[in-house]
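Following: one structure in structure tokens, then a few remarks.
Convention: sequence-line order gives letters A, B, ...; per-chain numbering from 1.
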Amino acid sequence: MNINLTLISQAVAFALFIWFTVKFVWPPLRTAIDNRQKTIAEGLEAAERGKHDLELASRRSAEVLRETKEKSTDILAQAERRGQQIIEEAKAAARVEADKVVASAKAEIDQEAERAKQALRERVAELAVAGAEKILRREVNVAAHNDMLAALKQEF
Amino acid sequence: MSAAETTLTPTSYIGHHLSFLQKPFGTGDFWVLNVDTLAVSIFLGVISFGFLWWVVRGATAGVPGRRQALVELLIEFVDDQVKGIFHGERHSFVAPAALTVFVWVLMMNAMDFLPIDWMTAFYEHTFGVSHFRGVPTADVNTTFALALAVWFLMIFYNIKIKGLGGWIHELFCAPFGSHPLLWPANLLLNIVEYVSKPLSHSLRLFGNMYAGEIIFMLLGLWAATGIAGTVFGALLGVGWAIFHILIVVLQAFIFMMLTVVYLSMAHESH
């Protein structure tokens, strides 16, 4: 193991190789790795943001769904109430109408009956007269009647 | 294979494998270049950093391909380690330097996986060289070069961050306190620390890789005892190679971590 000129030549070679690595090997790869790390970090951040957004959106959609459900339940209840109301109204209107119809029918019937009574009354008089005529035709005693008529004449 | 030659002794076998391909550049022991260490380490550095460069040039910030994913895995691993130790702007120097250390040392250590005798034959027949050591980190010059470079960087950052005065103040006043009576003790401890850091840094790696190589050679010697010995040696070699995977990666990792720790300590004031 003799120390000789090789020591100096190796040191020079070493210096040159260090210089070469410092100058040409290290920087390009460091840049590439740094850039990639940045890209990955950005990607991860974007993914995180996306996840957060998704969570927000799903929470929002759940809320909207719940609201909609509530609203639809409300609407259904309202509709049912309204339906009930309409039925009630219709029933009431129908009842009123029916009453009216019944009343008018009753009035007509009364009127009709009155008219019939009137007619009958008129017919009764006629019948009475006709009957009376028939009776009279059979039983007229001119003498007796003349007395009566005469008495009547007297009275005037 | 070489064990079949009659003139070969265990000493010459190991000595052969431990000889560098050297080229003198002047007189004296110092002015010699280990051509094998330098060639293999530069070759490995060029193909590994060339590969990294080729991949990162087409790097996309989108979905990465398999090649890019592999390189990213490596870079992220190193960056994570640095992030845990070094608190400052790491991308401009410390982290890429740690990557350089880890990749280069790992590749140089991994040369140990190549079968030592085959590689010797390969170098001999391809390049016509009789001596060639293929594991640059088993050469103390390499580990010292790296450790000393880190050491100088450490001093450079100490002065850059704290100023020359601040650094000298720290040499005298840390770790025990700023009382003048404590100055010698502080300085002594700091000197010991500054000497021991590059020594332990470099010798740990060198020792592990050198010992690994030696053990492969010793196991290779079993081939000299015949067929049964060859098979036995091969089995032991497999076991050691599997264990060596751990050592190779671990030592590269430790070397990188210590580099980061030393540079990080230089950035922190006491």
Side-chain angles (χ1 to χ4, degrees), chain A residues 1-70, chain B residues 20 22-26 28-38 41-42 45-46 48-50 52-53 55-64 68 71-72 75-76 79 91-93 95-101 103-104 136 139-146 148-150 152-153 206 210:
Chain A
M1 50 177 280
N2 292 320
I3 299 293
N4 56 28
L5 198 58
T6 319
L7 178 76
I8 292 167
S9 63
Q10 287 290 72
V12 170
F14 183 45
L16 284 177
F17 286 135
I18 288 184
W19 170 80
F20 183 81
T21 311
V22 168
K23 192 94 179 155
F24 297 111
V25 174
W26 196 266
L29 202 69
R30 270 324 303 174
T31 316
I33 290 175
D34 283 350
N35 283 344
R36 181 168 334 118
Q37 270 173 351
K38 211 161 49 181
T39 312
I40 291 172
E42 280 167 6
L44 285 177
E45 202 186 324
E48 197 57 42
R49 214 179 312 122
K51 217 164 94 183
H52 185 65
D53 284 355
L54 178 66
E55 203 177 306
L56 278 185
S58 71
R59 208 178 302 160
R60 173 101 192 88
S61 78
E63 202 171 309
V64 167
L65 205 64
R66 195 171 48 74
E67 249 169 44
T68 312
K69 232 181 234 170
E70 248 167 45
Chain B
F20 288 105
Q22 292 183 320
K23 189 171 167 52
F25 275 88
D29 277 348
F30 182 79
W31 296 104
V32 172
L33 196 64
N34 293 348
V35 178
D36 42 9
T37 300
L38 189 64
S41 60
I42 287 180
V46 167
S48 359
F49 298 111
L52 292 180
W53 182 60
V55 172
V56 300
R57 236 164 33 123
T60 166
V63 180
Q68 193 189 334
V71 173
E72 276 183 22
I75 287 191
E76 288 280 282
D79 195 34
H91 293 307
S92 61
F93 186 80
L99 177 74
T100 315
V101 169
V103 170
W104 201 30
D139 180 353
V140 78
N141 285 297
T142 304
T143 62
F144 261 130
L146 265 62
L148 282 177
V150 171
F152 280 118
L153 278 173
F206 165 72
Y210 189 73

Could you look at [X] and say if it's the side chain, the backbone, both or neither that has a heavy atom under 4.5 Å from chain A?
{"X": "B:Val71", "value": "both"}
{"X": "B:Ser92", "value": "backbone"}
{"X": "B:Ala95", "value": "both"}
{"X": "B:Phe49", "value": "both"}

Polar side-chain atom of A:Thr6 near backbone of B:Asn34 as donor-acceptor pair, under 3.5 Å:
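Judged by distance alone, yes, a pair lies under 3.5 Å.
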When you measure from the side chain of B:Gln68 to the backbone of B:Thr60, do you find a donor-acceptor pair of N or O atoms at a distance under 3.5 Å?
yes
Interface moiety of [X] toward chain B, non-hydrogen atoms closer than 4.5 Å:
{"X": "A:Phe20", "result": "side chain"}
{"X": "A:Ile8", "result": "side chain"}
{"X": "A:Thr39", "result": "neither"}

Shorter than 4.5 Å, heavy atoms on both sides: which option in [options] has the most such pairs with chain A?
{"options": "B:Ile75, B:Asp29, B:Thr37", "answer": "B:Ile75"}
{"options": "B:Asp79, B:Thr143, B:Asp139, B:Leu148", "answer": "B:Asp79"}
{"options": "B:Ala149, B:Ser41, B:Ala97", "answer": "B:Ser41"}

Check for me whether the distance between the ring centres of B:Trp104 and A:Phe17 falls short of 6.0 Å.
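Here the rings of A:Phe17 and B:Trp104 have centres that are less than 6.0 Å from each other.
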Any salt bridge between A:Glu70 and A:Arg66, counting N to O under 4.0 Å?
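Looking at A:Glu70 and A:Arg66, the cut-off is met.
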salt_bridge(A:Arg49, A:Asp53) N-O dist < 4.0 Å
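So A:Arg49 does not pair with A:Asp53 through a salt bridge.
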Between A:Asp34, A:Ile33, A:Asn35, which has the largest tally of heavy atom pairs under 4.5 Å with chain B?
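Heavy-atom pair counts peak at A:Ile33.
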Any idea how A:Phe24 and A:Trp19 line up, ring-wise: parallel (<30°), tilted (30 to 60°), or perpendicular (>60°)?
perpendicular
Could you check whether any side-chain heavy atom of A:Pro27 comes within less than 4.5 Å of a side-chain heavy atom of B:His91, counting everything from C-beta outward?
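When only atoms from C-beta onward are counted, B:His91 and A:Pro27 do not touch, as no gap falls below 4.5 Å.
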